[in-house]
Student: 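Let me give you the structure first, and then I'll get to my questions.
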Amino acid sequence: MSATPHPERFGAQLGEYSAWREELVAGVRALSAWISEQELSDAQTELRIERLIDRLRDDTLQVAFVAEFSRGKSELINAMFFAEFGQRVLPSSAGRTTMCPTEILYDERLPPSVRLLPIDTRKQPNPLAEWKKFPDEWTTIPLDIESPHSLASALAHLSETRRVTSDEAAQLGLHDAGEQLAGTVVPIDGKVEVPRWRHAVVNFPHPLLRQGLVILDTPGLNAIGTEPELTLNLIPNAHAVVFVLAADTGVTKTDAEIWRNHIATSGPLQRGRLIALNKIDSMWDELRSPALVESEIQKQVSTCASLLGLPERQVFPVSAQKALVAKVNGDNALLARSRMLALELALAGDLIPTKHELVGNACLGDLADITAGIHAILDTRVRNIREQLGELSSLRGKNEDVVANMMAKVGAEKDQFERGLQRFIALRSVFSQHSNDLLTHLGVDTLKREAKRSQKAMEDAHFTVGLRAAMAGFFANVRANLLAASNQANEIHGMMTAMYDKFSQEHGLETFKPQPYSILRYQKEIDRLERAYNVHFNTLWNMASNIKFSLMRKFFETVATRVKHVYEVANRDADNWVRAVMAPMETQVREHHLQLRRRLESVKRIHNASEELESRMRELEEMKKSTDNQIDDLNRLVGRIEVGVRIQQTLAVTRDAA
Ligand SMILES: Nc1nc2c(ncn2[C@@H]2O[C@H](COP(=O)(O)OP(=O)(O)O)[C@@H](O)[C@H]2O)c(=O)[nH]1
Ligand SMILES: [Mg+2]
């Protein structure tokens with residue numbers, strides 16, 4: 001197992017991306033080591049740095065392959081990512097197609113394995129995301145990655161099916177299962193064939209997967225339409241979706257349906273959505289001139305593009321099968337003919353710049369929050385030292401009275417500051433009240449109650465109007481909560497801004513402009529879920545009545561789980577935000593108070609013994625120098641990370657323009 005040497009291949013670009021991410025981690029680690037070495041750290045800061053590193057580490061790139069049965073998704077995945085195994089990793093052949101959605105990834109905390117969730121779990125309303133939390137419910141098959149045979153036989157489970165009565169199929173919410181599979185199986189005694197597994201997770205230590213690539217292989221329309229997790233989460237949230245068509249079938253009715261219902265409406269269209277027009281080898285013909293074959297392929301590309309309403313440059317004619325053979329045999333001419341590298345390049349080109357931007361910006365945002373507190377300490381120190389130096393140099397050669405005056409002045413300043421502290425303490429208690437309110441608006445408990453109530457309303461409703469109203473009510477409530485949270489955050493923001501201004505005017509503390517808390521991205525996700533739900537509502541409503549209610553219930557459960565996830569993220573972000581808003585003020589107040597006490601102390605000493613003055617001034621000069629150095633070091637360490645982020649973003653912009 002080695003990474004592919006071709007620089008233009010997907011793997012090489014992913015490798016560059018991971019190296020970049022590792023560099024960010026190294027930069028953050030260096031910063032973190034420096035912060036604790038300089039004794040500028042506290043538990044909060046350490047925790048936030050650890051979180052940032054974890055987030056960079058756990059960052060994944062999710063690529064979903066979506067299409068109707070037998071378009072060659074599995075073969076495409078084999079050819080793109082697993083050719084160096086010299087054989088097919090995923091089952092792909094006429095009768096052995098993957099029956100259940102399969103995530104292929106590597107989580108080093110778990111041994112290599114295939115984990116399979118039985119289809120029977122569909123009889124219960126719990127969404128897939130819930131089942132993922134209970135490993136015991138999954139059948140685990142260990143993988144021996146050294147043995148190709150073990151790999152193939154473990155993965156063969158992905159194609160397993162079961163025969164059930166049509167009643168049971170209905171209970172499973174698998175309405176069209178019989179029809180969809182009619183081509184491969186002859187139904188006897190009224191039984192229908194259904195997949196044995198609902199979902200599979202292949203944990204596989206492949207170099208690309210180690211670097212955070214997550215591949216989702218989906219079976220045909222039937223499975224996509226009946227598994228809400230795919231419709232509402234896995235497909236729309238994938239960083240890239242490859243929609244696979246086959247040259248020998250063109251755009252069929254179900255292809256168009258998958259495209260329309262599951263891809264076109266599910267996210268920003270232009271970015272990260274690619275069409276692979278597979279099996280172009282079926283058009284190769286030794287008796288026709290290459291130019292003629294080429295023009296026919298081109299014609300197919302235009303037809304597909306216009307049927308799907310896309311520019312032609314988003315459609316990539318390929319032959320997955322020939323690409324796999326070519327890669328295995330090192331046949332460069334065949335590889336070129338398969339046109340696989342163009343698709344790999346486009347996929348990397350779509351995926352990686354987007355990730356650079358997302359990950360880079362999130363990292364810089366976190367860093368700015370983390371370092372704000374440290375800047376506040378250092379700046380307060382420098383300013384205090386400067387002030388003291390000014391004070392002390394004005395005392396040179398002065399008599400005792402002047403020194404006594406100075407002592408009184410500093411003492412008064414300290415007293416005034418301590419009175420200001422009372423106000424600060426009062427503010428802090430109002431602040432924590434407001435913060436609690438903010439977090440309550442984003443509380444998962446309130447949401448759960450609301451979801452239950454809506455669920456009940458939906459079950460009681462037997463007509464479209466009632467169902468729609470219950471659903472709309474649920475979303476309206478969620479929005480109202482987000483808005484209330486936003487208002488609360490604005491209030492906190494206003495209060496803190498005023499407090500920072502006041503402290504800076506009255507006590508000369510650094511001015512600090514806290515960032516506002518924005519709920520925009522959660523609102524967008526809620527909008528997306530509601531849109532997706534509405535689209536699928538119509539599809540579900542037109543299904544046979546014996547399964548439609550159970551499917552609707554499943555969809556609602558998944559929507560509720562996704563909304564819960566949005567709340568959890570919003571809640572965690574809000575928690576971080578309130579800390580980030582308050583921390584610099586706390587540090588500044590503490591630091592300023594300390595400095596005032598020190599100042600008073602040193603004037604007192606000078607008052608008692610005049611030779612103290614020069615030595616105290618030397619001491620302060622030293623302190624100033626070392627604090628200035630600390631500020632330089634901090635800027636250098638943060639600057640190194642910023643440069644890393646920005647270079648990649650500039651490259652991405654240039655690449656986009658090209
Ligand atoms: N001629 C040709 N057949 C292909 C190609 N890719 C896949 N196939 C065949 O199409 C069938 C379905 O492939 P598979 O990868 O299982 O499709 P999936 O159901 O979309 O995952 C298999 O018999 C493959 O051998 C290709 O590029 N050219
Ligand atoms: Mg397949």
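Note that the numbering runs from 1 along the sequence shown for the chain. Whatever order the structure lists them in is the order used to number ligands and atoms, beginning at 1.
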Student: Quick check on contacts: which atoms of ligand 1 are under 4.0 angstrom from a heavy atom of E75?
Tutor: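 So the answer, numbered in order with elements, is 6 (N), 7 (C), 15 (O).
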Student: Under 4.0 Å from a heavy atom of D281: give me the atoms of ligand 1 that qualify, with their elements.
Tutor: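 Listed by number with element: 1 (N), 2 (C), 26 (C), 27 (O), 28 (N).
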Student: Does an N or O anywhere in S282 fall below 3.5 Å from an N or O of ligand 1?
Tutor: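 In fact, backbone or side chain, S282 has no N or O that close.
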Student: Nearest 0.5 Å please: distance from the CG atom of D59 over to the CG atom of L24.
Tutor: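 D59 CG to L24 CG: 10.0 Å, rounded to 0.5 Å.
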Student: Can you check whether T60's main-chain N or O pairs, donor with acceptor, with K355's side chain at less than 3.5 Å?
Tutor: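 Side chain of K355 to backbone of T60, a donor-acceptor pair under 3.5 Å: yes, one is there.
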Student: Would you mind listing which atoms of ligand 1 come within a distance below 4.0 Å of any non-hydrogen atom of K73?
Tutor: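 Under 4.0 Å from K73, ligand 1 has these atoms: 15 (O), 17 (O), 18 (P), 19 (O), 20 (O), 21 (O).
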Student: Heavy-atom pairs closer than 4.0 Å: do any link ligand 1 to the side chain of L90, the backbone, both, or neither?
Tutor: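 Near ligand 1, L90 shows nothing, with every heavy atom at 4.0 Å or more.
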Student: For residues H206 and Y106, establish whether the separation of their ring centroids is below 6.0 Å.
Tutor: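 H206 vs Y106: aromatic centres not under 6.0 Å.
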Student: Quiz question: by atom type and distance under 3.5 Å, do the side chains of D281 and S319 form a donor-acceptor pair?
Tutor: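 There is such a pair (donor and acceptor under 3.5 Å, judged by atom type) between the side chains of D281 and S319.
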Student: Give the single entry among M283, K279, Q321 that approaches atom 10 (O) of ligand 1 most closely by any heavy atom.
Tutor: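 Result: the heavy atom closest to atom 10 (O) of ligand 1 is in K279.
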Student: Report whether any nitrogen, oxygen or sulfur of S70 sits less than 2.8 Å from the Mg ion (ligand 2) (N, O or S, backbone or side chain).
Tutor: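 Looking at S70, which is the residue asked about, there is no N, O or S atom under 2.8 Å from the Mg ion (ligand 2).
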Student: Taking both backbone and side-chain atoms of D217, is any N or O found less than 3.5 Å from an N or O belonging to ligand 1?
Tutor: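 There is no such contact.
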Student: Would you mind reporting whether R528 and P236 have side-chain heavy atoms less than 4.5 Å apart?
Tutor: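 The answer is yes, as the side chains (C-beta and beyond) meet within the 4.5 Å cut-off.
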Student: Could you say whether the N/O atoms of G72 and ligand 1 ever approach to under 3.5 Å?
Tutor: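 Checking ligand 1 against G72, an N or O pair does fall under 3.5 Å apart.
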Student: For ligand 1, is there an atom lying under 4.0 Å from some heavy atom of A320?
Tutor: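 For ligand 1, residue contact (heavy atoms, under 4.0 Å) with A320 is present.
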Student: So, the side chain of T354 versus the backbone of D350: is there a donor-acceptor pair under 3.5 Å, distance only?
Tutor: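 Yes, T354 side chain to D350 backbone: donor-acceptor pair under 3.5 Å.
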Student: Quick one: do K133 and E130 make a salt bridge, cutoff under 4.0 Å?
Tutor: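 So K133 pairs with E130 through a salt bridge.
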Student: Taking everything shown except K524 itself, do over 12 heavy atoms lie less than 6.0 Å from its NZ?
Tutor: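 Open: at most 12 neighbouring heavy atoms sit under 6.0 Å from NZ of K524.
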Student: Looking at ligand 1, does S70 have a heavy atom less than 4.0 Å from it?
Tutor: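 True for this residue.
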